[in-house]
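Everything numeric in this text was worked out from a predicted model, so none of it was measured. Just so it is clear, the values below take in all heavy atoms, side chains as well, and ignore hydrogens, waters and symmetry mates. Proteins come first, then strands; the chains are lettered A, B, ... in the order of their sequence lines, and each starts at number 1.
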Amino acid sequence: MDKIVTGDEGDSREIHETDEKTLEIPSDFIRDAIRDDLAQGRFDRVHTRFPPEPNAYLHIGHAKAVWIDYGIARDFGGKFNLRFDDTNPTKEDQEFVDAIIEDVKWLGADWEDRLLFGSDYFDQMYDWAVELIKKGKSYVCDLSAEELSKTRGTLTSPGIDSPYRNRSVEENLDLFARMKAGEFPDGARTLRAKIDMASPNIVMRDPFMYRIRHTEHHRQGAKWCIYPSYDWAHGLEDSIEGVTHSLCSLEYEIHRPLYDWFLEQLGVYHPRQIEFPRLKLPYTVMSKRKFIELVDGGFVEGYDDPRMPTLAGLRRRGYTAESIARFCRRIGISKADSVIEWHVLEDCVREELNASAQRVMAVMNPIKVVLTNYPEDQVEYVDAINNPEDPSAGTRKVPFSRELYLEQDDFREVPPPKFFRLTPGREVRLRYGYFIKCEEVVKDENGEIVELRCTYDPATRGGDSPDGRKVKATLHWVSAKHAIPVEVRLYDRLFVKEDPDDAEEGQDYLSNLNPESVQVTTAHIEPSVTGAQPGARYQFERQGYFCVDKTSSEGNLVFNRTVSLKDSWAKIAKA
RNA sequence: UGCCGGAUAGCUCAAUUGGCAGAGCGCCUGACUCUGGAUCAGGAGGUUCUAGGUUCAAGCCCUAGUCUGGCAGCCA
């Protein structure tokens, strides 16, 4: 039986037996390809990497990539590296390195001791470039960026050779060394691979390997003034690290021939690149440039604005790492470049929070209710279940008194059909409290309802009627004098169009911003949440899941709505 | 222009070498009878884009066609 071993320093510990264990690994086209590679002996272990460029915050699309890279390594008992692809100093920053590390850690991917940086291999890459020059496979080109793009040809016509293409090896070596030494200004020269200017694949038309950039690198400082291109660097980084499967998104597909070409010319260890489609979600944007514009333009509060699809934003919104992992598992990996609806992610977080979130009662739009037959100064503490899905979560005491707040939506003076909540003359249950009956509607001079006068049935304490009487609705409530006012932020989609780029003539995606993407309101909440710390998650009964925002403080609690509960009444009411 | 992909339930997507076409949401029904428009369980729902072909057997392989998406930077 074939044994698959792992470890790149000869610690060939046995992890799987192909015929049996790998069959238990979920199937998708990438895992299948890897399984096949192992079975055919093309590789004898699995080693992946997640290679972000530290120039932006990670978003939900990266979470999919992380879960493919890390998930596959884990499934096959292999290794996973977190590697920063920091080859372009002009856009990169330590701030992003730190944020990305936090995000990947939060997601739950484990890179063990392999936190790596592509820039740490610059010396090796340089030596390899010299080697390619010596082999006549690379040359220094003096064409400007503009000239280069002109001579590259078009989608329909071949490019033309650079006049510098046939420089001697000696001259190339000399020029390249001087490029490195800093003798030339930015953009004056490039090092290019000598491949084929007539290739139908434009990526193969003598792509550049190094450009001159007199810019300090966030990690390497001023050591370098020439920086490698993605195409040149990426395969080398994978090779150096002993990566077996270099998994990347579909836009790199046409780069694969170049990835392979460099490694073949060098004759070094050669990983396999496999591409998968990026995650797409409607009503949002996922590009670094647009994130920056949204933040700098003040359209959102920051990279961690709860409306943003960034991991920082989703985290602040209340999404858990587990719900995101669940989401990634559910959508799987296929070759189709598909758009996944938000409700898939929302279901995932509801599923998890339904099982784990502490229940609490909060009234968003209060209507005052006075229990006319309830003693003036009496206060009772009723037992409320913390989580009906989890008995071990126990119970808590909630104060009940003569004056209460109910949800405005839970009362209709003239009820529409199928409305089972409070209405004049009808009896309903107050959750964990009593049955109450609406006797009178008090209005001000403008005809606006100011309060409801109800009676309660003392025999129904706790919510049960000894005579077996039934009510159709159970409403949440708070005691008016015990309730704490808190700030609540209700979020909606950031853009009004599925594809924000689908804008009117002369307009861009910013014109599609949803003006109602956030609604700030005050809720009256039961006192048990006093002292809730940022990040704490609750279900506001009958409403949704909320978490305490980072701006929250002891005296001024702030909640973000992660997601509402499913609400089919909203649809019935609309119809 | 080249390369790659997709077309499957009302919607968004799955389907390991060809072997009874699945999930989530939506819809319908039921259970719980203190979230009763929450939650849970069950059910209905498909001529797999079209026309041919190979095969005992085709969503999958082959041929032709129609529609549709992505990529093509001195970014990664």
Might you list the N or O atoms of the protein lying below 3.5 Å from N or O atoms in nucleotides 70-72 of chain B, with each pair's distance?
none

Tell me the interatomic distance from A:Phe540, atom CZ, to B:U35, atom C1', rounded to whole angstroms. 15 Å
What does A:Leu143 touch in the nucleic acid at a heavy-atom separation under 4.0 angstrom: a base, only the sugar-phosphate, or nothing? base
Across the strands shown, which category fits A:Phe208 at heavy-atom distances under 4.0 angstrom: base, sugar-phosphate, nothing? sugar-phosphate
Any strand, both distances under 3.5 Å, Watson-Crick or G-U wobble: B:G69 pairs with B:C4
What's the gap between B:G5 and B:C13 when it is taken at their C1' atoms, as a whole Å value? 16 Å
Between B:C74 (C1') and A:Asp206 (CG): distance, integer Å: 14 Å
Look through every strand shown and name the nucleotide pairing with B:C28 as Watson-Crick or G-U wobble, where both distances are under 3.5 Å. B:G42
Measure from the side chain of A:Glu541, starting at C-beta and using heavy atoms only, and say which of B:C74, B:C25, B:U35 lies closest. B:U35
Can you tell me how far C1' in B:U50 sits from the matching atom in B:U29, rounded to whole Å? 38 Å
Just checking A:Val339: base, sugar-phosphate only, or nothing, at a heavy-atom cut-off of under 4.0 Å? sugar-phosphate
Measure the distance from CZ on A:Arg256 to P on B:G5 and round it to the nearest whole Å. 9 Å
Base, sugar-phosphate alone, or nothing: which one does A:Pro52 contact when heavy atoms must sit under 4.0 Å apart? nothing
Checking all strands, does A:Arg152 fall into the base, sugar-phosphate, or nothing category for heavy-atom contacts under 4.0 angstrom? sugar-phosphate
With A:Asn88, the side-chain hydrogen bond (donor to acceptor under 3.5 Å, both in side chains) member among A:Asp86, A:Asp85, A:Thr90: A:Thr90
Distance alone, cut at 3.5 Å: any donor-acceptor contact between the side chains of A:Asp231 and A:His255? yes
Side chain of A:Arg31, base of B:U16: donor and acceptor closer than 3.5 Å? no
Mind calculating the distance between CZ (A:Phe29) and C1' (B:C60) to the nearest angstrom? 16 Å
Just checking A:Glu341: base, sugar-phosphate only, or nothing, at a heavy-atom cut-off of under 4.0 Å? sugar-phosphate
Does a nitrogen or oxygen in the side chain of A:Arg289 sit under 4.0 Å from OP1 or OP2 of B:C75? no
Same-atom distance (C1') from B:U66 to B:A51, integer angstrom: 11 Å
So what does A:Gly187 touch, heavy atoms closer than 4.0 Å: a base, only the sugar-phosphate, or nothing? base
Which pairs, protein N/O on one side and nucleotides 39-46 of chain B N/O on the other, fall under 3.5 Å?
from	atom 1	to	atom 2	distance (Å)
B:U39	O2'	A:Glu389	OE2	3.4

Heavy atoms only, 4.0 Å cut-off, all strands: where does A:Thr190 land among base, sugar-phosphate and nothing? base
Under a 3.5 Å limit for both distances, which nucleotide forms a Watson-Crick or G-U wobble pair with B:C20, could you say? none
Residue-phosphate contact under 4.0 Å: A:Arg211 side-chain N/O, B:A76 OP1/OP2: yes
Only residue of A:His476, A:Arg421, A:Arg542 satisfying side-chain hydrogen bond (donor to acceptor under 3.5 Å, both in side chains) with A:Glu407 is A:His476
Whole-Å gap separating C1' (B:A76) and NE2 (A:His217): 13 Å
Test applied, side-chain hydrogen bond (donor to acceptor under 3.5 Å, both in side chains); reference residue, A:Asp206; option that passes from A:Arg192, A:Arg165, A:Arg152, A:Lys194: A:Arg165
Is the phosphate of B:A76, meaning OP1 or OP2, less than 4.0 Å from a side-chain N or O of A:Thr87? yes
When the ring planes of A:His234 and A:Tyr259 are compared, do they come out parallel, tilted or perpendicular, using 30° and 60° as the limits? tilted
Integer-rounded Å distance: B:G73 P and A:Leu258 CG: 13 Å
Tell me what A:Asn201 touches on the nucleic acid: a base, only sugar-phosphate, or nothing, going by heavy atoms under 4.0 Å. nothing
Closest approach of A:Ile385 to A:Arg396 (non-hydrogen atoms, all atoms of both residues): O-NH1, 3.3 Å
Using a heavy-atom cut-off of 4.0 Å across all strands, would you classify A:Asp36 as base, sugar-phosphate, or nothing? nothing
Nucleotide opposite B:A51 in a Watson-Crick or G-U pair, distances under 3.5 Å: B:U63
Mind checking if A:Tyr227 touches a base, just sugar-phosphate, or nothing, with heavy atoms under 4.0 Å? nothing
Side chain of A:Gln539, base of B:U35: donor and acceptor closer than 3.5 Å? yes
Would you mind reading off the distance between A:Tyr230 atom OH and B:A76 atom P, rounded to a whole angstrom? 10 Å
Nearest heavy-atom pair of A:Lys497 and A:Asp502: which atoms, and what distance? NZ-O, 3.0 Å
I'd like the P distance from B:C67 over to B:G26, given in whole Å. 35 Å
Give a yes or no on whether a salt bridge exists between A:Asp347 and A:Arg326, defined as a side-chain N under 4.0 angstrom from a carboxylate O. no
Electrostatic pair A:Arg189:A:Asp142 at N-O distance under 4.0 angstrom: yes
Parallel, tilted or perpendicular for A:Tyr456 and A:Tyr434, by the 30°/60° rule? perpendicular
Distance only, no hydrogens: is a donor on one side chain within 3.5 Å (strictly under) of an acceptor on the other, for A:Glu92 and A:Asn55? no
B:C25 to B:C40 separation - P atoms, rounded to the nearest Å: 9 Å
How many Å lie between CZ on A:Arg329 and C1' on B:C13, as a whole number? 17 Å
Do A:Arg219 and A:Phe117 meet the cation-pi criteria used here (NZ or CZ under 6.0 Å from the six-membered ring centre, within 45° of the axis)? yes
